[in-house]
Amino acid sequence: MATRINVTRASLPPFEEYIQEIAPLWNSHWLTNMGEKHQHLEARLAQYLQVPQVSLFSNGHLALELMLQAFHLKGEVITTPFSFASTTHAIVRNGLTPVFADVDPDDCTLDPACVEAAITPNTCAILPVHVYGNPCHVEELQAIADAHGLKLLYDSAHAFGVTYKGRGIAEYGDASMFSFHATKVFNTIEGGAVTCKDPALYHTLYQLKNFGIADAEHVNAVGANSKMNEVQAAMGLCNLRHLDEALASRKAALERYLDHLTGVPGVKVLLRREEDIRPNYAYLPVAFDPEQFGHDRDEVYAALAEQNIFARKYFYPLISDYACYCDQYDSSATPNAKRLAAQVLTLPLFEGLEPGQVDEICRIILNMK
Ligand SMILES: *Cc1c(COP(=O)(O)O)cnc(C)c1O
């Protein structure tokens, strides 16, 4: 049988380059606590993401939790059920109440009209997700946040390097979280960041990720431990040097998929492709409409799995259908999200996916017709 193909595969720098990057640690013995690699990576990423402040974290989820904590919020946070568990868990673990609004069926991001309809006197913030790297409707969301005095905080885990109207995606909103998990476009093995414009917020996050410690004799906040270590930061410095190659490889694979799949009845690629958007080729989400395609998503998944190709049902189930949330929520209240969760399949896309492999995946899908 052909070698197994997974939905993603971590990008790695040349082995020798990484060894060279971490070698100085054997002299300094400085392995964590905002060392030299950490500082370099923050500066490089601020440049790349076009934002004034980047605060690194041990992983994206803790970055999100502490980003929410830093805003001292109380009450309800409007968010999307069509995301990874982390988005809602971060709200709940801050003692806040998630309120789910429905998504735009074309790009899967929060529908601003549904956000507005979900606002109550208890709403304190909006937490949208640039899902699959699709920019949210950032201008409409900002207008709503401004009109109602709400914080606008983005889960940008999928949107590393995406720009909208020539601006880094993290320039929108009050703050954004990025994930540098091994499976993401840019990785530090595990890792994440919060970006913001406000130097005071950077300072708060610096303390929160280090137990709330202000200095040797003062602890000012109930913080956590979520500092990125030097070995992680070194991986980031190396991967950032090779990012252009990684993106070019992903772009070529994505375009080859689109050549095969565009115009096939019942097959809809859920990516915003517009002049104003510089994409990052992170994911290839496809919705299969069983009426038109003749097979449902689960059948496509099974047909691929039989050939040792493992797509993923991102995002199924909806977060509001999880065992830990389903008692409190009714997922039929977000019908677009519900339908997408039943129809979507994220196809393999990663640096080094070969043209022949893309052809084979598409052949299996198109042969089902
Ligand atoms: C990956 C991801 C996270 C969490 O990031 P980790 O680095 O894995 O902790 C949060 N939200 C979304 C949408 C993600 O895809």
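Atoms within each ligand, like the ligands themselves, are counted from 1 in listed order. Only a predicted model underlies this, so the values are computations on that prediction, with no experimental measurement involved.
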Thinking salt bridges, do [X] and [Y] make one under a 4.0 Å N-O criterion?
X: Lys268; Y: Asp289; value: no
X: Lys338; Y: Asp102; value: no
X: Glu351; Y: Lys251; value: no
X: Glu139; Y: Lys165; value: yes

Amino acids in close contact with ligand 1, where any non-hydrogen atom sits under 4.0 angstrom away: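 The answer is Asn59, Gly60, His61, Ser83, Phe84, Ser86, Thr87, Asp155, Ala157, His158, Met177, Ser179, His181, Lys184, Gly191, counting any residue whose heavy atom sits under 4.0 Å from ligand 1.
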Residues Asp104 and His137: side-chain donor-acceptor under 3.5 angstrom: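 Yes, side-chain donor-acceptor contact under 3.5 Å.
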Validation row, ring centre Phe178 to ring centre Phe186 under 6.0 Å: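 Distance test on ring centres: not under 6.0 Å, no.
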